There are 2 protein chains.
Amino acid sequence: MDNFTFVDRPDNQRLQLMKDVYSELNSDVVKLFIDFQWTYRNMQKQYDYALDKNGLSESRFIILMFLYHAPNQTLLPSVISEKLGATRATVSKLIKAMEMKGWILKSTSTTDKRSLSVQLTETGNHVLENFLPENFSIVNNLLDSLSSEEIQQLSNLLKKINESTQKYTQEMEK
Amino acid sequence: MDNFTFVDRPDNQRLQLMKDVYSELNSDVVKLFIDFQWTYRNMQKQYDYALDKNGLSESRFIILMFLYHAPNQTLLPSVISEKLGATRATVSKLIKAMEMKGWILKSTSTTDKRSLSVQLTETGNHVLENFLPENFSIVNNLLDSLSSEEIQQLSNLLKKINESTQKYTQEMEK
DNA sequence: TTATAATAGTTAGCCGGCTAACTATTAAAA
DNA sequence: TTTTAATAGTTAGCCGGCTAACTATTATAA
């Protein structure tokens with residue numbers, strides 16, 4: 001899932017120069033936006049690295065989690081796609097690769113021949129259970145610097161950003 | 001640059017169930033981590049969408065910015081790669097596509113035949129200058145919900161996260 | 001009942017990340 | 001000076017996103 005993290009970020013001076021030309025530029029906001037991207041990407045990079053060491057990617061990990069919690073540890077590709085928020089085409093690829101690794105089993109349904117059952121295997125279970133403790137530990141490490149008040153604070157700020165993003169999205173959809 | 005945004009995020013109940021098995025799980029931190037990813041991805045999705053409407057991607061946009069500010073609006077691919085924080089292979093692809101669009105001009109150096117000059121064209125300039133006002137406006141919209149104090153607050157929190165990420169990264173590199 | 005529409009999944013091909021292997025050129029060392 | 005290193009860039013091929021076009025099956029409507 002990994003994005004580059006552009007290194008040469010504009011400093012205050014360069015932003016000021018731009019502001020001379022583009023009066024609508026709000027330096028503080030632009031700077032915050034870039035900082036937000038930067039922080040996320042550095043964090044995500046480390047997270048992806050840890051996943052990769054375990055033969056995982058974030059989407060593969062999440063799919064394992066979905067199956068883990070599913071009744072009979074079984075789900076349809078269409079349901080996985082919906083839960084994951086990715087297209088069926090993407091899920092189709094992921095599932096195929098996971099089957100090759102022996103983490104899941106595919107079997108066609110008898111009632112609806114269009115449908116497919118995706119079931120977690122023992123191997124898949126092990127891969128997941130082996131990674132979970134590391135997962136929680138990494139997340140703790142990455143956010144280690146925040147006190148519980150700060151966690152609450154950040155949570156509130158994120159909620160606000162979600163609201164404005166949501167608002168903007170809705171305006172665009174009109 | 002676009003990532004999926006997984007839809008079925010674990011709620012408090014599911015996290016509690018996991019905590020029964022994995023005592024090292026810190027629900028608040030895990031929830032924050034997922035919220036952070038969610039917020040970033042929703043925001044980025046809208047940003048990418050706006051870029052796309054202008055025939056741009058974030059990396060293409062940033063490269064245009066680098067060239068825009070460069071002396072003689074010219075840079076070497078290796079320098080672009082370094083500034084962008086992406087590999088030369090990636091930049092090679094991007095540059096090729098941008099040349100096809102007529103946004104840049106490639107010319108081999110006379111002094112060092114290995115080197116390549118990448119120069120912004122008039123067309124490239126127009127594409128950039130056309131997008132810039134929209135760019136600033138979108139960023140403002142996406143972060144519209146934050147007061148100036150909240151901007152400062154968030155900026156500080158991001159800095160802290162950068163610190164813990166940095167610390168974790170260094171530990172991993174040992 | 002038969003034709004049409006909706007649904008489930010796959011495939012092909014694009015994009016932008018990546019690594020690894022390659023060519024060409026220049027610089028450094030023997 | 002000649003061999004070896006380093007450097008600049010490209011290419012091939014993997015990954016995981018995407019859309020659009022496809023097959024097969026099931027459901028709906030004429």
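Here the structure is a predicted model, which means the values were calculated and not measured. A, B, ... follow the sequence lines: proteins, then strands. Residue 1 opens every chain.
Here the side chains of Tyr168(A) and Asp144(B) are not in contact, with every heavy-atom distance at 4.5 Å or above.
Asn42(A) and Thr165(B) share no side-chain donor-acceptor pair at under 3.5 Å. Side-chain polar atoms of Ser81(B) and Ser78(B) form no donor-acceptor pair below 3.5 angstrom. If you check the side chains of Asn54(A) and Glu134(A), you find a donor sitting under 3.5 Å from an acceptor.
Within 4.0 Å of Ser81(A), counting heavy atoms only, lies no atom of the nucleic acid at all. If you check every strand for non-hydrogen atoms under 4.0 Å, Ser109(A) touches nothing. Using a 4.0 Å heavy-atom distance criterion, Ser78(A) is classed as a sugar-phosphate-only contact. Within 4.0 Å of Ser115(B), counting heavy atoms only, lie sugar-phosphate atoms of the nucleic acid but no base atom.
Base pairing of dT26(C): no nucleotide in any strand meets the Watson-Crick or G-U wobble criterion (both distances under 3.5 Å). Summarising the base pairing, dG16(C) is matched to dC15(D) through a Watson-Crick or G-U wobble pair whose two defining distances lie under 3.5 Å.
Whole-Å rounding puts the Glu99(B) CD to dT10(D) P distance at 9 Å. In this structure, the CG atom of Leu84(A) is 12 Å from the P atom of dG16(D), given to the nearest Å. Rounded to whole Å, atom P of dA8(D) lies 13 Å from atom CD1 of Ile80(B). Counting to the nearest Å, the C1' atom of dG16(C) and the NZ atom of Lys101(B) are 13 Å from each other. Atom C1' of nucleotide dG9(C) and atom CD1 of Ile104(A) are separated by 13 Å, given to the nearest angstrom. What separates NZ of Lys113(A) from P of dT7(C) is a distance of 21 Å, to the nearest Å. Leu116(B) places its CG atom 13 Å from the P atom of dT26(C), with the value rounded to the nearest Å. When rounded to the nearest whole Å, the span between CG of Leu75(A) and P of dA8(C) equals 14 Å.
A salt bridge is defined here as a Lys NZ or Arg NE, NH1 or NH2 lying under 4.0 Å from an Asp or Glu carboxylate O, and Glu58(B) with Arg41(A) meets this definition. Residues Asp8(B) and Arg14(B) are paired through a salt bridge, judged by an N-O separation under 4.0 Å between the basic side chain and the carboxylate. The residues Asp35(A) and Arg9(A) are annotated as salt-bridged, a charged nitrogen and a carboxylate oxygen being separated by less than 4.0 angstrom. We find that Lys53(A) and Asp48(A) are not joined by a salt bridge, their nearest charged nitrogen and carboxylate oxygen being 4.0 Å or further apart.
Listed pair Arg88(A) / dT10(C) fails the phosphate criterion, with no side-chain N or O lying under 4.0 Å from OP1 or OP2. The phosphate of dG16(D) has neither OP1 nor OP2 within less than 4.0 Å of any side-chain N or O from Ser59(A). Put simply, Arg60(B) has a side-chain N or O that comes within less than 4.0 Å of OP1 or OP2 on dG16(C).
Listed by residue number, Thr90(B), Lys93(B), Leu94(B) are the residues of residues 90-98 of chain B with a heavy-atom contact under 4.0 Å to DNA chain C.
Closest to the side chain of Leu76(B), from the set dA24(D), dT7(D), dG9(D), is dG9(D).
In this entry the base of dA27(D) is anti relative to its sugar, with a glycosidic angle more than 90° from 0.
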